[in-house]
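Model, not experiment: these values are computed from the prediction. The residues of the chain are indexed from 1 along the displayed sequence.
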Amino acid sequence: GASVLLLRACLALLASPIYLLSFLGIWEPFCRKVFFPFILDKICLIHDKKSKKHKQELFRNLPDFRGPSGALRLLEIGTGSGANFQFYPPGCRVTCTDVNPHFQEGLAKNMKKNQHLQYERFLVAAGEDLAQVPSGSVDAVVCTLVLCSVHSVSSTLREVLRVLRPGGAFYFLEHVAAEHSSWRYFWQQVCYPTWKLVFAGCCLTRELWKNLEEAKFSELNIQHISLAMPWMPIEPHIVGYGVK
């Protein structure tokens, strides 16, 4: 515990300009509008390469959840710049949501590259509050690298279950806490406060599989995987889907 606190202090000292900007109220708007969209785009390039085979396998059965009309109505929470679009089946009707509206450039680029999809609308909304989406109105909800930064995981999962029709599915791929006895978890604890500040509320030590197990899915498939991310404490991941 003492070593964690000491190393946290050292890291905070290195990041002291960011802490100062945060204290002055400058960092958060700059982060949301400029820094986070920019750095997330760079991180996603690496993450997408590492996770591509897992996403291909994850989304392989998406067509099985088409609604009675034959269409697949999909809602993505935390769409960002649209890195998942390439994995969705042709004709899929996509509603994009994100709490941060400053991803337009990357989003427009990926929409243009993935014209096999039908884009319904973009909503500025947090995962905990999808009030603009009617209950039982979508066949699938997708959430990748988002549950780490929502204010309430349980509230987000309640909203997921609300907007899904009975028999619909929730797909996820998220980084999670490492094994508590591991060095990875030690470094996650060290980096936690500064990482959360720099990366717009991203929490390194959430045990998200527990939240998913506590949610009321009739079927839940979870796989623990490892994605090596150079110099980043986000190697442990979970991937899978739950059925309402």
- Item | Backbone of Ser155 reached by a side-chain donor or acceptor of Glu128 within 3.5 Å | no
- Side-chain heavy-atom pair Phe122, Asp98 within 4.5 angstrom cut-off: yes
- Item | Close side-chain approach of Glu214 and Ser154, heavy atoms under 4.5 Å | no
- Task: Drop me the distance from Glu120's CD to Gln118's CD, to the nearest 0.5 angstrom.
- Result: 6.5 Å
- Task: State, yes or no, whether a side-chain contact exists between Tyr241 and Val243 at a heavy-atom distance under 4.5 Å.
- Result: yes
- Note on the structure: OG1 (Thr144) and CD (Glu76) are apart, to the nearest 0.5 Å, by 5.5 Å
- Query: Does the ring center of Phe59 lie less than 6.0 Å from the ring center of Tyr171?
  - Reply: yes
- Item | Asp139 (side chain) donor-acceptor with Arg73 (main chain) under 3.5 angstrom | yes
- Message: Applying a strict under-4.5 Å side-chain criterion to I, L, V, M, F, W and Y, I'd like to know whether Val239 and Phe170 cluster together.
- Response: no
- Could you tell me whether a side-chain N or O of Ser182 sits under 3.5 Å from a main-chain N or O of Ala178, the two making a donor and an acceptor? no
- Message: Just verifying a value: how many Å separate Arg8 CZ and Ser3 OG, rounded to the nearest 0.5 Å?
- Response: 10.5 Å
- Task: Tell me yes or no: between the side chains of Glu207 and His180, is some donor less than 3.5 Å from an acceptor?
- Result: yes
- Is there a donor-acceptor pair closer than 3.5 Å between any side-chain N or O of Arg93 and the backbone N or O of Leu117? no
- Quick one: pull up NZ in Lys33 and CD in Glu28 and give me the separation to the nearest 0.5 Å. 14.0 Å
- Ion pair check, Arg184 and Glu235, cut-off under 4.0 Å: yes
- Query: Does Met111 share a hydrophobic cluster with Val142, counting links as ILVMFWY side-chain heavy atoms below 4.5 Å and allowing steps through other members?
  - Reply: yes
- Message: Between Arg162 and Val133 (side chain of the first, backbone of the second, donor and acceptor by atom type, cut-off under 3.5 Å), is there such a pair?
- Response: yes
- Nearest heavy-atom approach of Phe217 to Leu212 is CD1-O, 3.9 Å
- Message: Could you check whether any side-chain heavy atom of Ile39 comes within less than 4.5 Å of a side-chain heavy atom of Val198, counting everything from C-beta outward?
- Response: no
- Query: How close do Arg206 and Val153 get, heavy atom to heavy atom, and via which atoms?
  - Reply: NH1-CG2, 3.7 Å
- Which is it for Thr156 and His151 under the side chain to side chain contact (heavy atoms under 4.5 Å, CB included) test, yes or no, and what are the steps along the way? CA-CA 9 Å; Thr156 300; His151 291 298; over 6 Å; no
- Message: I need the minimum non-hydrogen distance between Phe172 and Asn221, along with the two atoms involved.
- Response: CZ-O, 3.7 Å
- Of all the heavy-atom pairs spanning Gly136 and Arg165, show the shortest one and how long it is. O-CB, 3.6 Å
- Have a look at Gln189 and tell me which of Tyr192, Trp187, Tyr185 forms a side chain to side chain contact (heavy atoms under 4.5 Å, CB included) with it. Tyr185
- Query: Under a 4.5 Å cut-off applied to non-hydrogen side-chain atoms, are Ser135 and Val163 in contact?
  - Reply: no
- Quick one: do Cys96 and Arg121 satisfy side chain to side chain contact (heavy atoms under 4.5 Å, CB included)? Show the steps, please. CA-CA 6 Å; Cys96 305; Arg121 54 181 176 159; over 6 Å; no
- Query: Between Tyr119 and Phe85, does the ring centroid distance fall short of 6.0 Å?
  - Reply: yes
- Leu74 side chain reached by Val141 side chain, heavy atoms, under 4.5 Å: no
- Message: Any heavy-atom pair between the side chains of Leu123 and Thr95 that's under 4.5 Å?
- Response: yes
- Task: Considering only NZ, NE, NH1 and NH2 on the basic side and carboxylate oxygens on the acidic side, decide whether Glu213 and Lys210 come within less than 4.0 Å.
- Result: no
- Item | Test item: His116 side-chain N/O and Lys113 main-chain N/O as donor-acceptor pair under 3.5 Å | no
- Message: Do Met229 and Val176 land in one hydrophobic cluster if side-chain heavy atoms of ILVMFWY residues count as linked below 4.5 Å?
- Response: no
- Item | Transitive ILVMFWY side-chain link Phe103 to Leu145, under 4.5 Å | no
- Would a distance-only check, ignoring hydrogens and angles, find a side-chain to backbone donor-acceptor pair under 3.5 Å from Gln115 to Lys112? yes
- Message: Is there a continuous path of hydrophobic side-chain contacts, each under 4.5 Å between heavy atoms, that joins Leu6 to Tyr19?
- Response: no
- What residues, two or more places apart in sequence or in another chain, satisfy side chain to side chain contact (heavy atoms under 4.5 Å, CB included) together with Val34? Phe30
- Do His47 and His237 have their ring centres less than 6.0 Å from each other? yes
- Message: The test is side chain to side chain contact (heavy atoms under 4.5 Å, CB included); show your working for Leu208 and Asn211 and say whether it passes.
- Response: CA-CA 5 Å; Leu208 296 172; Asn211 300 96; 4.0 Å; yes
- Do side-chain atoms of Thr205 reach the backbone of Ala177 as a donor and acceptor pair under 3.5 angstrom? no
- Is there a side chain to side chain contact (heavy atoms under 4.5 Å, CB included) between Cys10 and Leu13 once you walk through the steps? CA-CA 5 Å; Cys10 293; Leu13 185 62; 5.6 Å; no
- Message: Quick check: Trp27 with Phe35 (ring centres under 6.0 Å apart)?
- Response: yes
- Shortest non-hydrogen contact between Cys191 and Leu204, atoms and distance: CB-CD1, 3.8 Å
- Query: Backbone N or O of Leu161 within a donor-acceptor pair of the Lys244 side chain at under 3.5 Å?
  - Reply: yes
- Is a donor on one side and an acceptor on the other found under 3.5 Å between the side chain of Ser226 and the backbone of Pro236? no
- Item | Ser81 OG to Asp41 CG distance, which is reported to the nearest 0.5 Å | 5.0 Å
- Query: What are the two closest heavy atoms between Leu227 and Ser51, and how far apart are they?
  - Reply: CD1-CB, 3.8 Å
- Query: Would you say Val160 and Ile77 make side-chain contact, with heavy atoms under 4.5 Å?
  - Reply: yes
- Between CG on residue Asp129 and OG on residue Ser152, distance to nearest 0.5 Å: 12.0 Å
